[in-house]
Amino acid sequence: MPGPSFRDVSKLALKAGREVPGTAARLLADDRAIALARRATRRAGLRRAVAGKLVLIVGTELGADQLRDAGAEVRCVAATDAPDLAAGAPDVVVFCHAPVAEPAESTDLAAAERSLEINYFAMVRAVLAALPAMRERGSGQIVSASAAAPDVAAGDRAATAAAEAFLRIASAEVQGDGVTVTRVHLPADPERAARRICEAVALRTRVAPVRLPI
């Protein structure tokens, strides 16, 4: 039996959100989306989504092996190299935002500037470089993945908040252009984190299998 379509996943999550008020609705929608996403993103589903496509993964190698096995061309790069490579018109760009400062460096201005450069400005430059080609061909995806980090410095929190705000604006501006912006929160376990990235890429929906979708 074929797995659910991306549209089915989105409709189910939205329906759950309408039927149950408040936080319970969001959690129920997320849990149902997660269950369906895992069915939809088995090897065959992921292959249908990414085979023959160029995926640029920034700041991590999580999910790279699974995407390659599904037939995607995957390039893993550092944040500082992302803007130049994003101009090469990738089909999917995945950013992994990870802490770059120690929690004790919350009052360190240099640490905050370093985090903003890596987790915010580099992402903004790469998105702005990739979007023109994506919009022109009418397809593309930006995935923003936040690594699990219970205790982070102020600069890292500021960079992540700025990235979220920028992507919300970008998501609204490209609506209707065939470009999808998805945000996922990664669990601490590397295997589960890699699976979460693949789920987000395969689903290509704003209602991502996460707690706080864009």
| Quick one: which of D65, L67, L62 gives a side chain to side chain contact (heavy atoms under 4.5 Å, CB included) with C198? | L67
| From CA spacing to verdict: side-chain contact (heavy atoms from CB on, under 4.5 Å), R192, L186 | CA-CA 8 Å; R192 291 177 57 208; L186 302 181; over 6 Å; no
Is there side-chain contact between [X] and [Y], with at least one heavy-atom pair below 4.5 Å?
X: V55; Y: R75; answer: no
X: V184; Y: S144; answer: no
X: L54; Y: V92; answer: no
X: V181; Y: F166; answer: no
X: V77; Y: L56; answer: yes

Flag, side chain of [X] to backbone of [Y], donor-acceptor distance under 3.5 Å:
X: Q141; Y: A202; value: no
X: H185; Y: S146; value: no
X: T160; Y: D156; value: yes

Separation of [Y] [atom2] from [X] [atom1] (nearest 0.5 Å):
X: E113; Y: Y120; atom1: CD; atom2: OH; result: 15.0 Å
X: D177; Y: S139; atom1: CG; atom2: OG; result: 11.0 Å
X: R125; Y: E117; atom1: CZ; atom2: CD; result: 4.5 Å
X: C96; Y: N119; atom1: SG; atom2: CG; result: 8.5 Å

| Given the rule in the side-chain contact (heavy atoms from CB on, under 4.5 Å) test, do V93 and V127 qualify, once you have shown the distances and angles that lead to the verdict? | CA-CA 8 Å; V93 181; V127 169; over 6 Å; no
| request: Check the pair M134 / D91 against side-chain contact (heavy atoms from CB on, under 4.5 Å), numbers first and verdict last. | output: CA-CA 7 Å; M134 289 183 174; D91 297 285; over 6 Å; no
NZ/NE/NH1/NH2 to OD/OE distance under 4.0 Å, [X] and [Y]:
X: R183; Y: E164; result: yes
X: E191; Y: R196; result: no
X: D69; Y: R47; result: no

| request: Could you check I142 against F95 for side-chain contact (heavy atoms from CB on, under 4.5 Å), going step by step and ending with a plain yes or no? | output: CA-CA 8 Å; I142 306 293; F95 295 93; 4.1 Å; yes
